[in-house]
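A short write-up of the structure that comes next.
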Amino acid sequence: MNFIGAVGGDGGDDGDDKEKAEEEERERQEAIREAEDRRKEKHRKMEEEREKMRQDIRDKYNIKKKEEIVEAAPQEEPNPLMRKKKTPEELAAEAEQEELDDFTKLKNQIETQVNELKTQIEGKCVMQ
């Protein structure tokens with residue numbers, strides 16, 4: 001049995017292993033990024049080729065390209081399952097706004113109670 005590492009042996013392998021693992025992770029992330037860039041470039045080229053073919057067909061049959069009109073699109077009832085996800089910043093801003101609303105309500109309630117107490121005390125006290 002080898003208890004040297006447990007008792008406090010040289011322990012230098014842990015740092016090397018950690019650095020090696022970090023380096024491998026960086027290389028893996030870089031490879032993923034490069035693959036994603038290649039994929040995006042491939043799809044961009046394919047879309048350019050498709051658009052060129054579409055334009056050739058439009059020219060051949062004298063068809064005008066449709067203008068994208070955002071306003072003309074029929075507005076469907078928003079589906080809560082398909083809505084855009086909020087970013088953490090948006091969620092934090094909403095939570096802060098809700099806290100401010102609750103805080104403002106509480107503050108106004110306390111101010112009202114203080115003013116009522118003040119008027120009650122002033123009614124009972126007689127200044128000479």
Side-chain angles (χ1 to χ4, degrees):
M1 297 181 117
N2 187 358
F3 292 109
I4 295 173
V7 177
D10 75 319
D13 292 336
D14 291 340
D16 292 341
D17 290 343
K18 196 174 196 180
E19 289 176 15
K20 188 176 181 182
E22 288 175 0
E23 181 64 28
E24 288 176 1
E25 180 64 19
R26 281 193 292 270
E27 289 175 3
R28 187 180 73 80
Q29 292 292 336
E30 183 63 28
I32 290 171
R33 258 192 304 281
E34 288 175 6
E36 183 70 15
D37 290 343
R38 285 192 303 268
R39 185 190 67 79
K40 285 181 181 179
E41 182 63 21
K42 174 184 164 187
H43 287 284
R44 186 188 63 77
K45 286 180 181 178
M46 287 172 47
E47 186 59 33
E48 284 179 3
E49 290 173 8
R50 288 185 189 123
E51 186 56 37
K52 184 179 180 294
M53 290 179 5
R54 289 183 196 118
Q55 190 58 48
D56 291 344
I57 293 170
R58 284 189 210 106
D59 293 342
K60 181 177 179 180
Y61 296 104
N62 295 322
I63 300 172
K64 292 184 180 179
K65 185 175 180 179
K66 290 183 181 179
E67 297 293 327
E68 291 186 26
I69 301 175
V70 177
E71 297 172 347
Q75 291 288 39
E76 296 180 14
E77 190 65 30
N79 183 348
L81 298 177
M82 299 300 289
R83 72 178 188 270
K84 178 182 163 258
K85 291 185 179 180
K86 295 180 181 178
T87 63
E89 293 81 21
E90 291 172 330
L91 292 172
E94 277 187 8
E96 185 176 327
Q97 188 62 36
E98 289 176 10
E99 286 178 14
L100 288 176
D101 291 342
D102 291 341
F103 180 75
T104 305
K105 289 176 188 175
L106 183 61
K107 182 185 124 203
N108 291 339
Q109 183 181 9
I110 290 172
E111 287 177 351
T112 304
Q113 291 175 352
V114 166
N115 287 335
E116 288 175 4
L117 287 172
K118 188 189 252 186
T119 54
Q120 286 178 358
I121 292 173
E122 288 175 354
K124 291 181 181 180
C125 292
V126 177
M127 296 297 274
Q128 291 182 357

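Residue numbers count from 1 along this sequence.
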In the hydrophobic clustering that connects Ile, Leu, Val, Met, Phe, Trp and Tyr at side-chain heavy-atom distances below 4.5 Å, which members other than Leu106 occupy its cluster, ordered by chain and number?
-> Ile110, Val114
Should Lys52 and Gln55 be marked as a side-chain contact (heavy atoms from CB on, under 4.5 Å) after you check the CA-CA gap, both sets of side-chain angles, and the distance that decides it?
-> CA-CA 5 Å; Lys52 184 179 180 294; Gln55 190 58 48; 5.7 Å; no
Verdict with reasoning, Glu36 to Arg39, per side-chain contact (heavy atoms from CB on, under 4.5 Å) | CA-CA 5 Å; Glu36 183 70 15; Arg39 185 190 67 79; 2.6 Å; yes
From CG (Asn108) to CD (Gln113), nearest 0.5 Å | 11.5 Å
Start with the C-alpha distance between Glu48 and Glu51, add both sets of side-chain angles, then the distance that settles side-chain contact (heavy atoms from CB on, under 4.5 Å), and finish with yes or no.
-> CA-CA 5 Å; Glu48 284 179 3; Glu51 186 56 37; 5.8 Å; no
When you check the gap from the basic side-chain N to the acidic O, do Arg28 and Glu25 get nearer than 4.0 Å?
-> yes
Nearest 0.5 Å please: distance from the CD1 atom of Ile63 over to the NZ atom of Lys65.
-> 13.0 Å
Nearest 0.5 Å, what's the NZ-CD distance between Lys107 and Glu111?
-> 5.0 Å
May I ask you to decide whether Arg44 forms a salt bridge with Glu41, counting only side-chain N to carboxylate O separations under 4.0 Å?
-> yes
Could you state the interatomic distance from NZ (Lys85) to CD (Glu90), rounded to the nearest 0.5 Å?
-> 13.0 Å
Start with the C-alpha distance between Arg33 and Gln29, add both sets of side-chain angles, then the distance that settles side-chain contact (heavy atoms from CB on, under 4.5 Å), and finish with yes or no.
-> CA-CA 6 Å; Arg33 258 192 304 281; Gln29 292 292 336; 4.2 Å; yes
Basic-acidic side-chain contact under 4.0 Å: Lys40, Glu47 = no
Salt-bridge contact Glu23-Lys20 (side-chain N to carboxylate O under 4.0 Å) = no
